[in-house]
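Worksheet: one structure, shown below.
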Amino acid sequence: NKRSMWLINIMDGLTARNVSFEMSIAGDGECYEPIKVHIAENHLENCVHMCGKIPHEEMDDFWRDKHVFINFSVSEGGPLTLFESMSHGLVPVVTNAGSASRLVFADKSGYIIDSPQTAVDALTELAGDMSRCERLQQGAMDAFLALQRDMGDPVESFI
């Protein structure tokens, strides 16, 4: 349901395009070990960091130095991580699950993707144009704040 193994295709796609990237992967689900093995076999330890499960109270620190949030879920309730990441100004590169279509708009606040290839395309575009990345980061923050204004307390309670 989470399609976490797409991360391998994305790492390989970015590497094949010679895109300089740094990726931090939070979580410790069933894909943790195969992804960790792929990182080691392809010598990606310097650019891909397996963070494991991060307590909720430490997530603000996790988001602080990031630029992009990626999520490939088939379905989601929120997802909470989308709200959290956008509240920190991260550009979402996500599948159209949960509230994504209410927050993520092409060329304004992020990318809705449907495959590892479209994720690689979006990430390559962002890596090659920092001013675009910064504009979309602001758009992501604005979209989150607009949703928060529209919904009021429920968003704060949810987060």
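Note: hydrogens, waters and symmetry copies are ignored here, and every other heavy atom, side chains too, is used. Remember, predicted model here, so these are calculated numbers, not experimental data.
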State yes or no: do [X] and [Y] share one hydrophobic cluster built from I, L, V, M, F, W and Y residues joined by side-chain heavy-atom distances below 4.5 Å, directly or via other members?
X	Y	value
Leu90	Leu145	yes
Phe105	Phe83	no
Ile113	Met11	yes
Val94	Leu123	no
Phe69	Met86	yes

Practice prompt. Look at the side chain of Ser73 and the backbone N and O of Thr95, then say whether any donor-acceptor pair between them is shorter than 3.5 Å.
Written response: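 Side chain of Ser73 to backbone of Thr95: no pair is present.
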
Worksheet item: Backbone N or O of Asp107 within a donor-acceptor pair of the Arg135 side chain at under 3.5 Å?
Response: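 Checking the backbone N and O of Asp107 against the side chain of Arg135, a donor-acceptor pair under 3.5 Å is found.
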
Between [atom1] of [X] and [atom2] of [Y], what distance do you get to the nearest 0.5 Å?
X	Y	atom1	atom2	answer
Cys51	Lys53	SG	NZ	14.5 Å
Ser85	Met59	OG	CE	8.5 Å
His88	Asp61	NE2	CG	8.5 Å

Is the closest side-chain heavy-atom distance between [X] and [Y] below 4.5 Å?
X	Y	answer
Pro116	Phe72	no
Asn71	Leu82	no
Lys66	Phe62	yes
Leu7	Ile70	yes
Tyr111	Leu126	yes

Discussion item. Tell me if the CD atom of Glu30 is crowded by more than 12 foreign heavy atoms within 6.0 Å.
Written reply: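 It does not: Glu30 CD has 12 such atoms or fewer within range.
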
Fill in: Electrostatic pair Asp121-Arg17, nearest N-O below 4.0 angstrom
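Result for this pair is yes, salt bridge flagged.
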
Practice prompt. Using the six-membered ring of Tyr32, assess whether NZ or CZ of Lys36 lies under 6.0 Å from its centre and within 45 degrees of the ring axis.
Written response: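 Judged by the rule, Lys36 and Tyr32 form no cation-pi pair.
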
Discussion item. Applying side chain to side chain contact (heavy atoms under 4.5 Å, CB included) to Met23 and Ile39, what does each step give before you reach the verdict?
Written reply: CA-CA 11 Å; Met23 184 182 298; Ile39 292 166; over 6 Å; no

Closest approach of [X] and [Y], non-hydrogen atoms and distance?
X	Y	result
Ala127	Val19	CB-CG1, 3.6 Å
Ala26	Ile54	CB-CD1, 3.7 Å
Ile35	Ser4	CD1-O, 3.6 Å
Gly110	Leu136	N-CD2, 3.9 Å
Ser109	Val104	OG-CA, 3.4 Å
Gly89	Met141	N-CE, 3.8 Å

Item to complete: Dump the intermediate steps for side chain to side chain contact (heavy atoms under 4.5 Å, CB included) on Val48 and Asn42, then the final yes or no.
Response: CA-CA 11 Å; Val48 183; Asn42 291 277; over 6 Å; no

Fill in: Working for side chain to side chain contact (heavy atoms under 4.5 Å, CB included), residues His56 and Leu80
CA-CA 11 Å; His56 182 73; Leu80 175 59; 4.2 Å; yes

Worksheet entry | Step-by-step side chain to side chain contact (heavy atoms under 4.5 Å, CB included) determination, Val68 to Phe21 | CA-CA 11 Å; Val68 177; Phe21 70 96; over 6 Å; no

Worksheet item: Considering residues at least two apart in sequence or located in another chain, which fulfil the salt bridge (charged side-chain N to carboxylate O under 4.0 Å, His left out) criterion with Arg102?
Response: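 Arg102: no salt bridge (charged side-chain N to carboxylate O under 4.0 Å, His left out) contacts found.
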
Worksheet item: With Glu125, which residues qualify under salt bridge (charged side-chain N to carboxylate O under 4.0 Å, His left out), at least two apart?
Response: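 For Glu125, the residues satisfying salt bridge (charged side-chain N to carboxylate O under 4.0 Å, His left out) (neighbours in sequence not counted) are Arg132.
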
